[in-house]
Amino acid sequence: MIFSDKIAYSDKILFPKSGITKGKLIAYYEAIAADMLPYLKDRPLTLHRFPDGIEKKGFFQKNASDYFPDWIKTIEVKKQGGWVNHVICDCKETLIYLVGQGTISFHITLSRTDKLDYPDKLIFDLDPPNGSFCDVTKSAQILRSLLESELGLTSFPMLTGSSGIHLVVPLDRSDNFDSVRAFAKNIAHYTAKVYPEKFTAEIRKEKRKGRLFVDYLRNSYAQTAICPFSARAFENAPVAVPIGWDELQNGIKSAQAFTIDTISNRLKYKSNPWEDLFRNPYSLDGAISKLENLSEKKLV
DNA sequence: GACGTAC
DNA sequence: GTACGTCAACGCTTT
DNA sequence: AAAGCG
Ligand SMILES: [Mn+2]
Ligand SMILES: [Mn+2]
C-alpha cells in the first residue's frame, strides 16, 4: 500500500550534496515503518522539519498544525503555563504524511502517553566535543561497565546518526522524571570525578574543554531523544540505529555508520539487538543506594 | 509546507 | 495568478 | 529575568 499519493514536491531535493529527494525519504520511511512504529506509537512526538532542505534553516514542531487532517491522532500534554497538542504517530499513514510536511527527524519523549511523568527509559546521551568517535565508543564501554558491574543495570546502545551514542536503561515507571534525572546527574558527575580528562557533566560548552559531555538532561518531563530509525538532517541521511555492544567494540567507526540507503541491508542479516530492551525494566531503588556507597568510597 | 494578504 | 511574509519548542541549568 | 544548551 502506497500512502504517498498526495505528497507535495516529492522531487524536491532535501539533501543537496547527496541529491536525496523527499520522495527518496518517503520510500525509506515506508520501508522502515514496521521497525520504527513500535518506538513511536505511544509517545508524544516532536518533529524536526526542513521543508526547504537541510541547508536552509529547519525548525522543531511540537504542536500539530491546524490543517493536519483529522485522522491524525493527537494528545494534549501539560506544559508550564499551558498545553501542547502533540501528534501521536501510530501508523504508517501518519508517518508518511509528516515526511510530506518536510519532517526529516522524529524525536520522542522518554515516557509514554498513559504515564507521562514516569519515564520507561533512562538515557545517557554521550555528546563528543569534536567528532572523535573512537573516544565515544571507549567512553560508552566504561559507562556500560559502571552501570552493569557496579549498579546492576543493563544498558542498550544506539548510534544517534549524528555524532554520539545513547545508552538506554529500561525503567519500570516507578520513578518519576525528577528522581531519574537526579540519579543520571549523579552518575554523570561520578564519571567526571573518576575520569576527569575523559568525561564532563558541564552544561556550558566553554567548560567542557574537549571532554565528552554526559548529557543527563534528556531525562526530563516532555524532553525528547531521537527515535530509533529516524533519519537525521545531515548529508547522506544517516539514521539512528540500535546496535549491540559487540558491534560497537569491533567494526563501527562513526555515529553515522548507517544511512537510509544502507540500513535495509543491515536489517536483513542482523537480528534486533534491542530485542530484550523491555524484558527486565528497573526500579532505580537499588542502583541509587549502590551509587551512594560508591561515591562515598571515592570521596575518602 | 500551508496560509493570508497585497498587488 | 503570483509574490511575499509569517509561523512552526520546551525544560533545566547557569549566569 | 535571560541566556545557553540539546
Ligand atoms: Mn546527543
Ligand atoms: Mn517554503
Side-chain angles (χ1 to χ4, degrees), chain A residues 4 6-14 21-23 25-26 43-54 56-70 72 74-87 94 96-111 116-117 119 123-129 136 158 160-167 176-186 188-189 192 200-208 211-227 230 232-234 240 255:
Chain A
S4 47
K6 287 183 197 150
I7 299 297
Y9 315 116
S10 274
D11 292 333
K12 189 169 191 174
I13 292 176
L14 297 182
T21 61
K22 189 198 278 187
L25 192 61
I26 285 172
R43 297 168 199 273
L45 181 61
T46 298
L47 313 175
H48 200 185
R49 293 176 57 191
F50 296 80
D52 296 313
I54 64 170
K56 297 293 176 56
K57 193 178 175 107
F59 56 92
F60 287 92
Q61 180 169 359
K62 291 199 169 186
N63 279 289
S65 299
D66 296 336
Y67 58 80
F68 282 7
D70 57 14
I72 286 185
T74 62
I75 183 180
E76 293 284 346
V77 174
K78 189 92 185 86
K79 72 165 180 179
Q80 298 171 3
W83 297 83
V84 178
N85 186 224
H86 282 263
V87 168
T94 296
I96 298 310
Y97 175 84
L98 296 170
V99 181
Q101 288 296 296
T103 306
I104 290 178
S105 299
F106 295 84
H107 298 254
I108 53 177
T109 57
L110 281 63
S111 60
L116 285 172
D117 290 310
I123 297 182
F124 292 98
D125 171 17
L126 304 184
D127 290 337
V136 190
M158 176 171 77
T160 63
S162 176
S163 65
I165 293 174
H166 287 180
L167 293 202
N176 65 21
F177 272 109
D178 289 347
S179 309
V180 172
R181 186 176 62 259
F183 174 69
K185 178 179 182 176
N186 287 342
H189 282 283
T200 179
E202 292 288 352
I203 291 166
R204 298 282 162 146
K205 282 182 165 181
E206 64 188 34
K207 292 192 173 181
R208 293 184 199 164
R211 294 167 294 183
L212 181 79
F213 175 43
V214 183
D215 181 5
Y216 57 90
L217 287 164
R218 298 310 87 222
N219 304 285
S220 303
Y221 174 82
Q223 295 308 288
T224 65
I226 192 69
C227 182
S230 174
R232 307 304 301 269
F234 301 102

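A note on names: the letters A, B, ... follow the listed sequences, proteins ahead of strands, and every chain is numbered from 1.
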What does A:D66 touch in the nucleic acid at a heavy-atom separation under 4.0 angstrom: a base, only the sugar-phosphate, or nothing?
nothing

Nearest whole Å is fine: how far is B:dG1 P from A:K6 NZ?
17 Å

Distance in angstrom units between A:Q101 CD and B:dG1 C1', rounded
5 Å

Show your working on side-chain contact (heavy atoms from CB on, under 4.5 Å) between A:V77 and A:T109 and close with a plain yes or no.
CA-CA 11 Å; A:V77 174; A:T109 57; over 6 Å; no

Using a 4.0 Å heavy-atom cut-off across all strands, classify A:K57 as base, sugar-phosphate, or nothing.
nothing

Letter by letter from the 5' end, nucleotides 9-15 of chain C scores (B base, S sugar-phosphate only, - none; protein heavy atoms under 4.0 Å) BBSSSBS

For C:dA8 and B:dG4, measure between their C1' atoms and round to the nearest Å.
16 Å

Using whole Å, report how far CD1 of A:I226 lies from C1' of D:dG6.
12 Å

Return the value, rounded to whole Å, for the distance between atom CG of A:D52 and atom C1' of C:dC4.
13 Å

Applying side chain to side chain contact (heavy atoms under 4.5 Å, CB included), name anything that partners A:F50, two or more places apart in sequence or on another chain.
A:H48, A:I104, A:A233

Between P of D:dG6 and CG of A:N219, the distance in whole Å:
15 Å

For A:R211 against A:K207, the heavy-atom pair lying closest together:
NH2-O, 2.8 Å

Write down the distance separating the P atoms in C:dG11 and B:dG1, rounded off to the nearest Å.
28 Å

Take the protein atom NZ of A:K56 and the nucleotide atom P of B:dG1, then report the distance between them rounded to whole Å.
11 Å

Looking at A:R208, I'd like to know whether one of its side-chain N or O atoms comes within less than 4.0 Å of OP1 or OP2 on D:dG4.
no

Evaluate the side-chain contact (heavy atoms from CB on, under 4.5 Å) criterion for residues A:L98 and A:F68: first the C-alpha distance (whole Å), next the side-chain angles of each, then the deciding distance (0.1 Å), finally the verdict.
CA-CA 9 Å; A:L98 296 170; A:F68 282 7; 3.8 Å; yes

Show the numbers, then the answer: is there a side-chain contact (heavy atoms from CB on, under 4.5 Å) between A:D52 and A:K12?
CA-CA 8 Å; A:D52 296 313; A:K12 189 169 191 174; 3.0 Å; yes

Euclidean distance, atom CG of residue A:D127 to atom C1' of D:dG4 [Å, nearest integer]:
14 Å

Can you check the distance between C:dA9 and D:dC5, where both ends of the measurement are the C1' atom (answer in whole Å)?
13 Å

Would A:S162 and A:R232 count as having a side-chain donor-acceptor pair, cut-off 3.5 Å?
no

Between atom CG in A:D11 and atom P in B:dG1, what is the gap in whole Å?
12 Å

Applying ring-ring contact (aromatic ring centres under 6.0 Å, His included), name anything that partners A:F106, two or more places apart in sequence or on another chain.
A:Y29

